[in-house]
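Each remark here refers to the structure printed beneath this line.
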There are 2 protein chains.
Amino acid sequence: MGPPKASTPPIRLMLVDDHAVMRAGLANLLGSGLGFEVVAQSDDGETAIRLWPKFKPDVCLLDMTMHGIDGVETLSRLRKVAPAARVLMLTSSDSAEDMARAMKAGANGYVTKNVQHKELFDAIREVHAGGRPVSSSTIIESRPTTAETGGSPLTPREIEVVALMREGFTNQEIGRLLGISTHTAKAHVAGVLEKLNASDRTQAVARAFDLGLLKAAHLQGRPKI
Amino acid sequence: MGPPKASTPPIRLMLVDDHAVMRAGLANLLGSGLGFEVVAQSDDGETAIRLWPKFKPDVCLLDMTMHGIDGVETLSRLRKVAPAARVLMLTSSDSAEDMARAMKAGANGYVTKNVQHKELFDAIREVHAGGRPVSSSTIIESRPTTAETGGSPLTPREIEVVALMREGFTNQEIGRLLGISTHTAKAHVAGVLEKLNASDRTQAVARAFDLGLLKAAHLQGRPKI
DNA sequence: ACCGCTATTAGCCATCTGGCTAGGGAGAAA
DNA sequence: TTTCTCCCTAGCCAGATGGCTAATAGCGGT
């Protein structure tokens, strides 16, 4: 937590973000003698993984949403070649689901892009020191988001169920997929409908999107054009 | 299109983005003697509108997604106090819908944040010169996005129908709301299902979210906590 | 031990859904 | 003109949905 001492060797960073402007901004910000040094940059996940062994940065700042393989996927793959890598996820989203995905995939920290500079610096230092910082705005946002529905967040089981509803599965199929009876599936769907204040499953998944419980899977794949 | 001459007076800019890091990056990037000058910055829409008259920037770089009032809303309000303001929208999204919203609200240009520096510079110059540049990645992305579904984008009527499906309306209600018969409503729903390759209306709206045809209405409102 | 929450199963039933087939009219493109 | 697409309407039907009530069981907190 202490301010950077001139005596401390700089924390060596790799930046991965497909927004060139953001990357340049970060590089500029972090290369201003505050105890950081940007040793590598990449605008996509594959390159980042290729660059890692060459530079062995202390901490990697990794954007969640990128074209090609996204941040979470990049993280997973990076973990295979560098299990000890310290990765701080950067994101524009403040949804709890994104954070959960990132942390589950093995992120060492999670910071939204709307943080102030100091928060970012602190987060990087904390990751470097072995902590697992999570941007406070995430916590602040994610709680009321669900609380505001007038309701309860869904139970784990119910979340599985919405995810399947989203894919167009019927109650019968949901039951089969989860290894439970159709009746139970219906009961969970009913729970979801009530908690999300929806009149049918269609509105329920729309609400789930609104609340950030479900995320649009951008199917763009950036084809060859 | 010409490279910046030293003789040209700099284009005076206002930056509006709630991502402090991005803002700092832009400021740094644009303040490097390339013919731009950042005269004002803000991390929210209200402040931006308040700052405008004081600085009368030549071009305003406005982020689409911000907490509080978003970019489009900011743009609309700004237009009321400064109808001639030149505004270049900046966004992380490459969805055609977002672009349409921005341009409809009176944006002078639209650029995704994953552009290279030069493209951004060019876009700013073009807006300043009275053009209406649109980031090429938007066009490239948005076309195949819909084409990739195997299909056609939805007809206007069908889009109205998905929007209603999303709200949980039944075919009967959709018919009543649109002043058409239930049968016709069903026909439109069928069209949507086919075009979005969905097995039921629930999956259809999920797909619509995936494709950017529907946007999550973030109901967060950022309460006091 | 009791209570509350979650997960599980079950039956009944009015309504809704989506697929099928089969029309007609209006405007735009070839 | 012909053809195409979009928009509108219609009936039939098997299957799915969501509301209702009711019961059992595990788990964690008081």
Side-chain angles (χ1 to χ4, degrees), chain A residues 96-97 100 143 146-147 149-209 211 213-214, chain B residues 96-97 100 143 146-147 149-209 211 213-214:
Chain A
E97 196 203 2
R143 262 187 223 292
T146 49
T149 17
S152 7
L154 305 181
T155 67
R157 200 51 153 176
E158 285 166 346
I159 290 178
E160 289 185 276
V161 172
V162 242
L164 293 173
M165 291 198 289
R166 171 221 178 109
E167 300 299 335
F169 291 113
T170 67
N171 291 332
Q172 202 174 97
E173 291 169 321
I174 292 174
R176 192 153 24 83
L177 288 167
L178 293 180
I180 58 182
S181 82
T182 306
H183 292 288
T184 310
K186 283 182 67 173
H188 288 310
V189 170
V192 170
L193 294 185
E194 196 203 325
K195 290 180 184 176
L196 296 189
N197 224 313
S199 56
D200 63 30
R201 55 176 59 212
T202 304
Q203 190 181 16
V205 324
R207 272 261 160 43
F209 275 104
L211 296 170
L213 298 171
L214 291 176
Chain B
E97 197 205 3
R143 263 188 222 289
T146 49
T149 19
S152 8
L154 305 181
T155 67
R157 199 50 153 180
E158 285 165 346
I159 290 178
E160 289 185 276
V161 172
V162 243
L164 294 173
M165 290 198 287
R166 171 221 178 110
E167 300 298 336
F169 292 113
T170 67
N171 292 332
Q172 201 174 95
E173 291 169 321
I174 292 174
R176 194 155 20 87
L177 287 167
L178 294 181
I180 58 182
S181 83
T182 306
H183 293 288
T184 309
K186 281 181 68 172
H188 288 310
V189 170
V192 170
L193 294 185
E194 196 203 327
K195 291 181 183 174
L196 296 189
N197 223 313
S199 56
D200 63 29
R201 55 175 60 210
T202 304
Q203 191 182 15
V205 325
R207 273 261 160 41
F209 275 104
L211 296 170
L213 299 171
L214 289 177

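Below, chains carry the letters A, B, ... as their sequence lines are ordered, and counting in each starts from 1. Hydrogens, waters and symmetry mates play no part in the numbers below; they use all other heavy atoms, side chains included. Note that the structure is predicted; figures quoted are calculated from it, not measured.
- Separating the CD1 atom of A/I159 from the P atom of C/dT6 is a distance of 12 Å, rounded to the nearest angstrom.
- An end-to-end axis angle of 50° holds for the helix from C/dA1-D/dT30 to C/dA30-D/dT1, taken from five base pairs per end and rounded to 10°.
- Scored by the side chain to side chain contact (heavy atoms under 4.5 Å, CB included) test, B/A187 finds no partners at all (sequence neighbours excluded).
- Phosphate proximity of C/dA7 to A/T155: present, with a side-chain N or O under 4.0 Å from OP1 or OP2.
- Between A/H183 atom NE2 and C/dC12 atom P there is a gap of 10 Å when expressed in whole angstrom units.
- Residues forming a side chain to side chain contact (heavy atoms under 4.5 Å, CB included) with A/E194 (at least two apart in sequence, or on another chain): none.
- When the side chain to side chain donor-acceptor pair (under 3.5 Å) test is applied to B/S181, the partners found at least two apart in sequence or on another chain are B/T184.
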Please enumerate all protein N or O atoms sitting under 3.5 Å from an N or O of nucleotides 21-27 of chain C, with distances to 0.1 Å.
none

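- Comparing C/dT6, C/dT8, D/dC7 by their nearest atom to the side chain of B/R157 picks out D/dC7.
- Pairs of residues two or more places apart, or lying in two chains, never qualify as salt bridge (Lys or Arg N to Asp or Glu O under 4.0 Å) while including a residue from residues 170-192 of chain A.
- Atom-to-atom distance recorded for B/H188:NE2 and B/L178:CG is 7.5 Å, nearest 0.5 angstrom.
- Judged as a salt bridge (charged side-chain N to carboxylate O under 4.0 Å, His left out), and not counting sequence neighbours, A/R201 has no contacts.
- Nearest heavy atoms, A/G191 versus A/E158: CA-OE2, 3.8 Å.
- Between the OG1 atom in B/T170 and the CG atom in B/L164 there is a gap of 10.5 Å [rounded to 0.5 Å].
- Rounded to whole Å, atom C1' of C/dC20 lies 13 Å from atom CD of B/E194.
- Partners of A/E160 by side chain to side chain donor-acceptor pair (under 3.5 Å), not counting sequence neighbours, listed by chain and number: A/R157.
- Judged as a side chain to side chain contact (heavy atoms under 4.5 Å, CB included), and not counting sequence neighbours, the contacts of A/L193 are A/V189, A/A198, A/A204.
- Of the side-chain N and O atoms in B/H188, one or more sit less than 4.0 angstrom from OP1 or OP2 of D/dC8.
- Distance CD (A/E158) to C1' (C/dT8): 13 Å, rounded to an integer number of Å.
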Could you go through nucleotides 17-26 of chain D and list every protein N or O atom that sits under 3.5 Å from one of its N or O atoms, giving the distance for each pair?
unit_1 : atom_1 : unit_2 : atom_2 : d
D/dT17 : OP1    : A/R201 : NH1    : 3.3
D/dT17 : OP2    : A/N171 : N      : 3.0
D/dT17 : OP2    : A/N171 : ND2    : 3.3
D/dG18 : OP1    : A/R201 : N      : 2.7
D/dG18 : OP2    : A/R201 : NE     : 3.0
D/dG18 : OP2    : A/R201 : NH2    : 3.3
D/dG18 : N7     : A/K186 : NZ     : 3.0
D/dG18 : O6     : A/K186 : NZ     : 2.8
D/dG19 : O6     : A/K186 : NZ     : 3.2

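- Contacts of A/S181 with the nucleic acid, taken as non-hydrogen atoms under 4.0 Å apart, involve only primed sugar atoms and P, OP1 or OP2.
- Applying the side chain to side chain donor-acceptor pair (under 3.5 Å) rule to B/E167 yields no partners; only residues at least two apart in sequence or on another chain are considered.
- Taking atom CD1 of residue A/I180 and atom P of nucleotide C/dA10, one finds them 11 Å apart after rounding to whole Å.
- Nucleotide D/dC6 holds its C1' atom 15 Å from the CG atom of B/L178, rounded to whole Å.
- Residue B/T184 places at least one side-chain N or O closer than 4.0 Å to OP1 or OP2 of D/dT9.
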